[in-house]
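These numbers come from a predicted model, not from an experiment.
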Amino acid sequence: MNTITVKTATEQAFKEMPPEFHVVKLIIRVRSKLQRPYVTDGCITRRLRELRSDKLCDYSVIDNHRAIYQKNIKEKQLELFN
């Protein structure tokens, strides 16, 4: 039995996404991690918003019509790459 929660799978999938991503790809990855193909989009995006509120995932919606999201990279993260 799979014991991973939707919230945990969403956080893991978010961390695996590139800096800019289509939310549908995130949803597909979460469903794959859960091995539950019928978890609703709304459930997954709700968990993503909760993760943002909890400051565990930081992102912005850059194109609401096409559902394109962008990870917000903080200054400390940028220092690691320089």
Side-chain angles (χ1 to χ4, degrees):
M1 183 172 177
N2 195 354
T3 59
I4 187 171
T5 65
V6 175
K7 192 169 185 177
T8 300
T10 303
E11 182 178 9
Q12 290 173 357
F14 177 83
K15 290 177 180 177
E16 295 168 1
M17 291 286 107
E20 190 174 298
F21 61 93
H22 195 287
V23 77
V24 172
K25 291 186 178 184
L26 175 88
I27 290 167
I28 291 167
R29 189 165 293 187
V30 171
R31 288 176 179 157
S32 174
K33 287 180 172 299
L34 293 169
Q35 298 176 2
R36 293 172 48 198
Y38 300 109
V39 177
T40 64
D41 299 359
C43 180
I44 295 168
T45 56
R46 185 178 316 111
R47 298 301 170 252
L48 185 60
R49 291 191 302 274
E50 287 175 4
L51 290 164
R52 182 171 55 181
S53 292
D54 295 343
K55 302 196 184 324
L56 297 172
C57 296
D58 192 15
Y59 66 91
S60 300
V61 180
I62 59 172
D63 187 333
N64 200 31
H65 182 71
R66 293 182 9 221
I68 306 295
Y69 288 32
Q70 181 177 40
K71 292 180 178 181
N72 294 331
I73 299 174
K74 296 181 178 28
E75 284 183 39
K76 262 209 179 321
Q77 291 171 319
L78 288 175
E79 291 173 9
L80 295 174
F81 297 108
N82 292 329

List the atom pairs, donor and acceptor, that lie under 3.5 Å between side-chain atoms in residues 17-26 and the rest of the protein, sequence neighbours left out.
| unit_1 | atom_1 | unit_2 | atom_2 | d |
| --- | --- | --- | --- | --- |
| H22 | ND1 | V24 | N | 3.1 |
| H22 | NE2 | R66 | O | 2.8 |

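For the atom pair CZ (R52) and CD (E50), the distance works out to 11.5 Å, reported to the nearest 0.5 Å. In this structure, CG on D63 lies 6.0 Å from CD1 on I68, to the nearest 0.5 angstrom. Here the CZ-OG1 distance, from R46 to T10, works out to 10.5 Å after rounding to the nearest 0.5 Å. Expressed to the nearest 0.5 Å, how far CD of Q12 lies from SG of C57 amounts to 10.5 Å. Between the CD1 atom in I27 and the CZ atom in R29 there is a gap of 13.0 Å [rounded to 0.5 Å].
Between D41 and R31, at least one side-chain nitrogen of the basic residue sits less than 4.0 Å from a carboxylate oxygen of the acidic one, meeting the salt-bridge criterion.
Connectivity analysis of hydrophobic side chains (ILVMFWY, heavy atoms under 4.5 Å, direct or indirect) links L56 to L51.
Pairing each heavy atom of K33 with each of A13, the nearest pair is CE-N, 3.8 Å. Heavy-atom minimum distance, V39 versus I44: CG1-CG1, 3.8 Å.
Listed by chain and residue number, nothing satisfies the side chain to side chain donor-acceptor pair (under 3.5 Å) test with S53 (two or more places apart in sequence, or in another chain). Residues passing the side chain to side chain contact (heavy atoms under 4.5 Å, CB included) test with T40 are C43, sequence neighbours excluded. For K55, there are no salt bridge (Lys or Arg N to Asp or Glu O under 4.0 Å) partners, not counting sequence neighbours. A search for side chain to side chain donor-acceptor pair (under 3.5 Å) contacts involving N64 returns nothing, not counting sequence neighbours. Not counting sequence neighbours, K71 has no partner by the salt bridge (Lys or Arg N to Asp or Glu O under 4.0 Å) test.
Residue pairs meeting the ring-ring contact (aromatic ring centres under 6.0 Å, His included) criterion with at least one member in residues 23-46: none, sequence neighbours excluded. Residue pairs meeting the ring-ring contact (aromatic ring centres under 6.0 Å, His included) criterion with at least one member in residues 46-68, sequence neighbours excluded, are Y59-Y69.
Here the side chains of D54 and E11 are not in contact, with every heavy-atom distance at 4.5 Å or above.
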